Protein chains: 2
Amino acid sequence: MSSSVQRKRIRKDPAARRAEIVAAAAAVALAEGLECVTLRRIAEELAVRPGLISHYFPSAEDLVAEAFGSAATGELDRLLPAEHGELDRPLPAEHAVPDRPLPAERAALTPTGRLARFLARTSGEEYDAISRLWINARHLSRYRSVLRDRVARQEAAWRGRLEGVIRDGVEAGEFATEDPTAVAVQLLVVLDGLGVHANTATPERPAAVLRMPLTTAERELGLRPGTLDEAAG
Amino acid sequence: MSSSVQRKRIRKDPAARRAEIVAAAAAVALAEGLECVTLRRIAEELAVRPGLISHYFPSAEDLVAEAFGSAATGELDRLLPAEHGELDRPLPAEHAVPDRPLPAERAALTPTGRLARFLARTSGEEYDAISRLWINARHLSRYRSVLRDRVARQEAAWRGRLEGVIRDGVEAGEFATEDPTAVAVQLLVVLDGLGVHANTATPERPAAVLRMPLTTAERELGLRPGTLDEAAG
DNA sequence: TTGCTTATTGGTCGCACACTCAATAGCATC
DNA sequence: GATGCTATTGAGTGTGCGACCAATAAGCAA
């Protein structure tokens with residue numbers, strides 16, 4: 001029998017195959033965790049033999065790091081899209097930023113609107129998957145040095161993106177702060193702190209706790225309380 | 001040769017042996033991570049055969065959960081010792097709290113002093129190991145349900161202990177808050193948020209970020225800024 | 001001292017993992 | 001249609017894991 005197994009080989013362009021592998025690995029990482037990114041698992045996902053994955057990633061650790069980097073970059077772009085022309089990475093690029101002009105309605109958002117939308121999105125249940133990924137990566141970083149470096153780069157990317165929005169807001173006169181970097185880091189600390197519970201079904205948390213990101217942002221940026229709720233619609 | 005291997009069997013009281021196993025597992029969990037708590041590893045630690053560990057813990061998952069519970073309880077007692085007679089766990093006891101009277105100098109500390117000391121200790125580098133353990137447990141909870149329950153119980157224990165100090169302070173007129181629970185959770189969120197970096201060597205962080213726990217506590221408890229620094233000595 | 005309970009051993013099984021490498025076959029090029 | 005490059009396979013290695021179980025011996029009680 002052995003009916004449904006694919007018999008015919010499909011020979012692809014190395015670059016395309018590699019991208020395909022990374023995409024599959026990123027999807028598995030996001031949905032099931034970085035420890036599920038194994039040669040066998042990704043090979044099965046793509047209906048190829050494990051040896052092929054080894055061929056593109058001689059060390060499995062590199063694939064895991066790449067999967068995390070790809071997934072995290074994708075999620076950041078979804079949560080807080082970069083404005084056209086925005087320079088948000090002082091470090092070597094993690095990924096090529098698509099250089100096409102962004103849709104008009106995005107470019108039209110004010111810094112307050114962008115920040116409000118980001119904070120709204122990081123409160124939803126959809127954000128749990130991303131929280132899980134970060135916890136996963138931060139823990140696995142303990143043992144895998146390649147991943148550790150990737151995590152550091154992603155941290156810088158997320159902080160840089162958020163910092164950019166804050167700077168835009170200061171420039172536009174919407175925000176008031178002396179140290180955009182410190183505010184960005186403080187916000188990320190709060191979001192990380194709230195996100196660690198993503199794997200453990202936490203009972204209802206006090207409203208003051210759920211509002212921490214908004215409260216922190218409004219306090220540190222000199223916004224009237226409630227501003228960000230209203231801006232989020 | 002096979003010189004140094006232990007030949008003679010040592011037969012111990014089951015309760016004592018079990019305690020020994022848990023202690024060894026907790027030490028390994030704290031120092032090397034929960035995934036290093038394996039039958040073979042703990043057996044080697046105690047110079048016994050792996051089968052013996054299986055005998056006491058038919059499911060390895062139970063041992064891992066027990067190791068985390070033991071380590072976390074021990075660290076909480078070290079960071080924020082329970083006052084004599086303090087009732088800090090509404091849930092079934094995670095561990096028997098030693099009922100002996102505490103040293104005089106500890107019992108003499110005011111709530112402000114206890115809180116200040118706790119926050120000082122959670123800032124030191126010694127706290128990194130505990131942060132690592134929490135990240136580890138929170139991530140592994142994704143896959144291990146027994147551990148997940150233990151994490152929930154420990155969260156409750158830590159929150160309860162902190163909440164107790166806050167209530168004492170309110171009662172003593174040192175703190176002012178309407179909702180001690182919310183304050184306790186907010187503090188833990190900030191500490192968790194700062195702790196997630198324990199595995200990734202983070203560059204210097206802005207002073208405002210490092211002071212977040214103190215700032216949060218002082219703000220939420222109606223303390224004059226600087227109070228907790230001074231109380232910590 | 002003898003005997004009995006049971007804590008402890010030693011060995012085995014099956015599984016999943018990363019990694020290696022010679023053999024094979026797709027496909028672009030001629 | 002034939003040829004050559006190389007992407008892809010298939011098979012095998014070694015490691016570490018949890019789980020299982022019959023045999024053994026430690027140490028207490030009779």
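This one's a predicted model, so the numbers in the text were calculated from it and none came from an experiment.
Nearest-nucleotide positions on DNA chain C for A:Arg11 and A:Ala60 put A:Ala60 closer to the 5' end. Residue order along DNA chain D, read from the 5' end via each residue's closest nucleotide, puts B:Pro50 first among B:Pro50 and B:Lys12.
One side chain, A:Arg205 or A:His197, offers a donor N or O that lies under 3.5 Å from an acceptor on the other. Side-chain atoms of B:His139 and B:Glu35 include no donor-acceptor pair closer than 3.5 Å. Of the N and O atoms on the side chains of A:Thr73 and A:Gln154, at least one donor lies less than 3.5 Å from an acceptor on the other residue.
Here B:His55 does not reach the OP1 or OP2 of C:dT8: none of its side-chain N or O atoms lies under 4.0 Å away. Contact check, A:Arg49 against D:dG10: a side-chain N or O comes under 4.0 Å of OP1 or OP2. Proximity of A:Tyr56 to the phosphate of D:dA7: no side-chain N or O atom is located under 4.0 Å from OP1 or OP2.
Atom CD1 in B:Ile10 sits about 16 Å away from atom P in D:dA25, given to the nearest Å. Put simply, CZ on A:Phe57 is 14 Å from P on D:dA7, counting in whole angstrom units. A:Leu46 has its CG atom 14 Å from the C1' atom of D:dA7, to the nearest Å. If you measure from atom CG of B:Leu39 to atom C1' of C:dG10, you get 15 Å, rounded to the nearest angstrom. For B:Lys8 and C:dA7, the NZ to P distance is 17 Å, given to the nearest whole Å. Summarising the geometry, the separation between CD1 on A:Ile42 and P on C:dC17 is reported as 11 Å, rounded to the nearest angstrom. Residue B:Asp13 contributes atom CG, which lies 14 Å from atom C1' of C:dT5 at whole-angstrom precision. The interatomic distance linking A:Ile53 (CD1) with D:dT8 (P) rounds to 9 Å, in whole Å.
Here A:Arg17 lies in heavy-atom contact (under 4.0 Å) with sugar-phosphate atoms only. Within 4.0 Å (heavy atoms only), B:Thr38 reaches sugar-phosphate atoms of the nucleic acid but no base atom.
Remark: aromatic rings of B:Phe68 and B:Trp134 are close, center separation under 6.0 Å.
We find the CG-CZ distance between B:Leu79 and B:Arg121 to be 7.0 Å, quoted to the nearest 0.5 Å.
Side-chain atoms of B:Arg9 and base atoms of C:dT8 include a donor and an acceptor less than 3.5 Å apart. Taking only distance into account, the side chain of B:Arg40 never meets the base of D:dG16 through a donor-acceptor pair shorter than 3.5 Å.
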